[in-house]
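Reckoned from all heavy atoms, side chains included, excluding hydrogens, waters and symmetry mates. If you read the sequence from its start, that first residue is 1, and numbering goes on from there. Everything numeric here is computed off the predicted structure, so don't read it as measured data.
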Amino acid sequence: QVHLVEFGGGLVQVGGALRLSCAASGRTISSLAMGWFRQAPGKEREFVAAISRRGDDLYYTNSVKGRFTISRDNAKNSAYLQMNSLQFEDTAVYYCAATRELIGTTSSTMAPLYDYWGQGTQVTVSS
């Protein structure tokens, strides 16, 4: 079993930046692909970014490409999401997730593929 905890959410102005962290415990994440999802009020949970087990392959939803960067540090059993140039529409609860499956361009976006989820951290972008 893997326990995931997100850190780093908060209130930020438009154009600002935040770095989310996901700390894992219970199992090493080196055998897990990691992903970030988000859910805005009244909307379904959506894929944001994912990273393969060794960090060789990165996947992003189109709306965050060039602004967000996903990374991982297996030695620290952690994953990260650097979010730059934040916009109003980035406001959401952000969830860290992990899967035992290999991920690809399409599969990485599928929430049911992920076995473990954090409790979420709120990101609010204001003017």
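- Residues Thr105 and Ser108 come closest through the heavy atom pair O-OG, 3.3 Å.
- Between Tyr94 and Phe68, the ring-plane angle classifies as tilted under the 30° and 60° cut-offs.
- Note that Arg38 lies outside the cation-pi zone of Tyr95, set by a 6.0 Å cut-off to the ring centre and a 45° limit from the axis.
- Note that CD1 of Ile51 and CG of Asp56 are 8.5 Å apart. Values are rounded to the nearest 0.5 Å.
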Can Ser63 and Arg67 be said to form a side chain to side chain donor-acceptor pair (under 3.5 Å), step by step?
-> CA-CA 9 Å; Ser63 63; Arg67 301 189 298 122; 5.1 Å; no

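- Residue Ser52 holds its OG atom at 9.0 Å from CG of Leu102, rounded to the nearest 0.5 Å.
- Remark: side-chain polar atoms of Tyr60 are paired, donor with acceptor, to backbone N or O of Ile70 under 3.5 angstrom.
- Judged by distance alone, the side chain of Asp115 and the main-chain N or O of Arg100 form a donor-acceptor pair under 3.5 Å.
- A donor-acceptor pair is defined here as one N or O able to donate and one able to accept, closer than 3.5 Å; no such pair exists between the side chain of Asp57 and the backbone of Gly104.
- The two residues Ala111 and Trp117 make their nearest non-hydrogen contact at O-CZ2, 3.5 Å.
- Between the side chain of Thr91 and the backbone N or O of Thr124 there is no donor-acceptor pair closer than 3.5 Å.
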Give the intermediate values and the outcome of side chain to side chain contact (heavy atoms under 4.5 Å, CB included) for residues Asn74 and Arg72.
-> CA-CA 6 Å; Asn74 288 345; Arg72 64 189 296 156; 2.8 Å; yes

Should Thr99 and Leu32 be marked as a side chain to side chain contact (heavy atoms under 4.5 Å, CB included) after you check the CA-CA gap, both sets of side-chain angles, and the distance that decides it?
-> CA-CA 5 Å; Thr99 177; Leu32 303 172; over 6 Å; no

Step by step, work out the side chain to side chain contact (heavy atoms under 4.5 Å, CB included) result for Glu46 and Gln39.
-> CA-CA 6 Å; Glu46 66 170 353; Gln39 187 167 19; over 6 Å; no

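- Judged purely by atom type and a 3.5 angstrom limit, Asn84 has no side-chain atom pairing as donor or acceptor with the backbone of Ala17.
- Side-chain atoms of Arg53 come within 3.5 Å of backbone atoms of Ser31 as a donor-acceptor pair (strictly under, hydrogens ignored).
- Shortest non-hydrogen contact noted between Ala24 and Val2 is CB-CG1, 4.2 Å.
- Residues Ser78 and Ala23 approach most closely at OG-CA, 3.9 Å, considering heavy atoms.
- Taking 4.5 Å as the limit, some side-chain heavy atom of Val14 sits within range of a side-chain heavy atom of Phe88.
- Taking the six-membered ring wherever Trp is involved, the centroid distance between the rings of Phe37 and Phe47 falls below 6.0 Å.
- Taking CD of Gln13 as the start and OG of Ser126 as the end, the distance is 5.5 Å to the nearest 0.5 Å.
- A distance-only check finds no donor-acceptor pair linking the side chain of Thr61 to the backbone of Val48 [under 3.5 Å].
- Not a single donor-acceptor pair under 3.5 Å links the side chain of Ser85 to the backbone N or O of Gly15.
- Proximity of a side-chain donor or acceptor of Ser107 to a complementary backbone N or O of Ile103 within less than 3.5 Å is not detected.
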Met34 vs Cys96, side chain to side chain contact (heavy atoms under 4.5 Å, CB included): CA-CA, chis, key distance, verdict | CA-CA 7 Å; Met34 304 297 293; Cys96 175; 3.7 Å; yes

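- Counting non-hydrogen atoms of neighbouring residues, nucleotides and ligands closer than 6.0 angstrom, the CD atom of Glu44 reaches no more than 12 such neighbours.
- Atom CG of residue Asn77 and atom CG of residue Leu4 lie 9.0 Å apart, to the nearest 0.5 angstrom.
- The one candidate from Val123, Leu20, Val64 that meets the side chain to side chain contact (heavy atoms under 4.5 Å, CB included) condition with Leu81 is Leu20.
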